[in-house]
Amino acid sequence: MPESWLERVLEIRAHRPDAIAAAAAARRPASLGDIDRLLVVAADHPARGALASGGDPMAMGNRVDLIDRLLVALARPGVNGVLATADVLEDLLLLGALDDKLVFGSMNRGGLAGAVYELDDRFTGYDAAAVDARGFDGGKMLLRIALDDPGAAATLQSCAAAVDALARRRRIAMVEPFWTRRVDGRLMTDLAPDAMIRAIAVASGLGATSAYTWLKVPVVEEMERVMAASTLPALLLGGETQNDPGEMFLRWRKALALPSVRGLVAGRNLLYPADGDVAAAVDSAADLL
């Protein structure tokens with residue numbers, strides 16, 4: 001990382017914080033209507049305390065390294081945008097890396113990884129008003145549904161309110177649904193096709209309108225049947241870093257052929273590939289589109 005890169009951001013944050021709003025106002029936005037297939041890089045994991053990637057439990061704990069990787073990814077051809085929390089997006093704004101990119105603000109990061117209240121996933125990041133004020137394209141929310149944890153009810157209600165608030169501003173509500181349960185006190189995600197169909201059905205019905213709702217879904221078995229659960233546009237998520245990227249790309253390629261799938265939102269698989277080559281991983285994902 002060039003020394004001036006970090007020095008510049010630190011100086012602005014300490015002495016000229018208004019420069020962040022100015023950078024957002026001056027940003028040259030992208031137009032979603034001009035993009036047929038999306039490749040969005042996700043980097044909102046740290047705000048939920050989820051720092052692991054591959055075999056390194058603290059991989060995303062170095063912010064300078066994370067921003068460096070994002071700068072490489074966002075500069076590659078075919079990358080349309082980024083999904084992150086305010087701290088990450090504001091560093092990128094100050095570095096001029098968000099021009100001509102779609103930007104999605106991460107909204108509910110309060111369900112910290114491993115916490116007893118993980119399913120009561122509070123909206124501690126962006127809200128719809130802040131997404132709109134910054135001129136961003138939408139907000140993303142994580143919706144983990146469990147029948148054995150009362151905290152999930154509050155998250156359902158909060159996500160429905162956020163869908164409505166974003167729709168009033170004509171901003172995309174990107175909903176990432178999972179059916180979950182607790183096993184020996186630990187939260188487990190059920191990726192069976194029937195579980196994903198249920199999760200998608202619940203997510204699709206949130207709010208008073210679904211006009212601006214998109215889904216963010218994992219690639220699972222019987223993907224054709226799973227994606228038949230909704231007519232909403234969907235983006236595939238990357239999930240944990242895979243030891244066999246070839247298998248992962250093959251699964252993505254097959255799922256991208258489904259009619260409602262509009263692209264990829266991938267984070268750790270692209271930013272922290274097993275071989276360390278961010279540019280090559282991003283280029284491989286872009287080739288799929």
Side-chain angles (χ1 to χ4, degrees), residues 24 27-45 47 74 78-86 88-90 92-93 98-109 121 123-144 155-178 199-218 227 229-238 255-256 258-267 285 289:
R27 182 179 73 91
R28 188 170 59 247
S31 173
L32 181 60
D34 295 334
I35 304 171
D36 184 51
R37 306 279 268 178
L38 302 183
L39 176 55
V40 176
V41 181
D44 61 339
H45 312 80
L74 289 169
V79 175
N80 306 113
V82 62
L83 158 65
T85 46
V88 173
L89 291 179
E90 288 169 357
L92 296 173
L93 275 170
L98 299 184
D99 282 344
D100 302 313
K101 302 296 181 186
L102 299 171
V103 182
F104 299 92
S106 190
M107 303 178 81
N108 57 330
R109 299 281 84 188
D121 203 345
F123 278 63
T124 57
Y126 282 101
D127 59 16
V131 167
D132 189 48
R134 284 287 193 245
F136 294 160
D137 299 276
K140 173 256 182 178
M141 62 203 79
L142 178 60
L143 176 64
R144 290 169 295 183
T155 301
L156 274 167
Q157 185 177 36
S158 297
C159 287
V163 166
D164 284 343
L166 288 163
R168 285 195 296 271
R169 295 165 172 86
R170 297 184 179 181
R171 306 293 178 177
I172 291 174
M174 188 187 296
V175 185
E176 181 180 1
F178 293 104
I200 287 172
V202 172
S204 299
L206 290 177
T209 179
S210 61
Y212 294 90
T213 302
W214 287 46
L215 300 173
K216 180 173 180 270
V217 298
M227 295 314 301
S230 177
T231 58
L232 300 181
L235 299 172
L236 306 177
L237 64 88
L256 284 164
L258 298 173
S260 64
V261 176
R262 308 299 300 174
L264 295 170
V265 180
L289 304 174

For [X] and [Y], work out which heavy atoms get closest and say how close.
X      : Y      : result
Val217 : Pro177 : CG1-CD, 4.5 Å
Lys101 : Gly81  : CB-CA, 4.1 Å
Asp44  : Ser106 : OD2-OG, 2.8 Å
Val131 : Gly138 : CG1-O, 3.5 Å
Thr209 : Thr213 : O-OG1, 4.1 Å
Ala47  : Thr85  : CB-CG2, 3.6 Å

Rounded to the nearest 0.5 Å, how far apart are [atom1] of [X] and [atom2] of [Y]?
X      : Y      : atom1 : atom2 : value
Leu236 : Lys216 : CG    : NZ    : 10.5 Å
Asn80  : Ile35  : CG    : CD1   : 4.5 Å
Arg27  : Asp99  : CZ    : CG    : 7.5 Å
Arg169 : Asp164 : CZ    : CG    : 11.0 Å
Leu98  : Leu93  : CG    : CG    : 4.5 Å
Leu143 : Leu206 : CG    : CG    : 6.0 Å

Less than 4.5 Å apart, side chain to side chain, heavy atoms only: is that true for [X] and [Y]?
X      : Y      : result
Lys140 : Glu176 : yes
Leu142 : Arg109 : yes
Leu38  : Leu32  : yes
Leu89  : Tyr126 : yes
Leu215 : Ser230 : yes
Val40  : Met174 : no
Val265 : Leu39  : no
Asp36  : Arg262 : yes

Legend entry - Full working for side-chain contact (heavy atoms from CB on, under 4.5 Å) between Leu232 and Ser210: CA-CA 8 Å; Leu232 300 181; Ser210 61; 4.0 Å; yes
Inset, instruction - For Thr155 and Asp121, test the side chains for any donor-to-acceptor distance below 3.5 angstrom and give the result as yes or no. - result: no
Legend entry - Identified side-chain contact (heavy atoms from CB on, under 4.5 Å) partner of Val82 from the options Leu102, Leu74, Val88: Leu74
Legend entry - N-O pairing of Arg171 and Asp137 below 4.0 Å: no
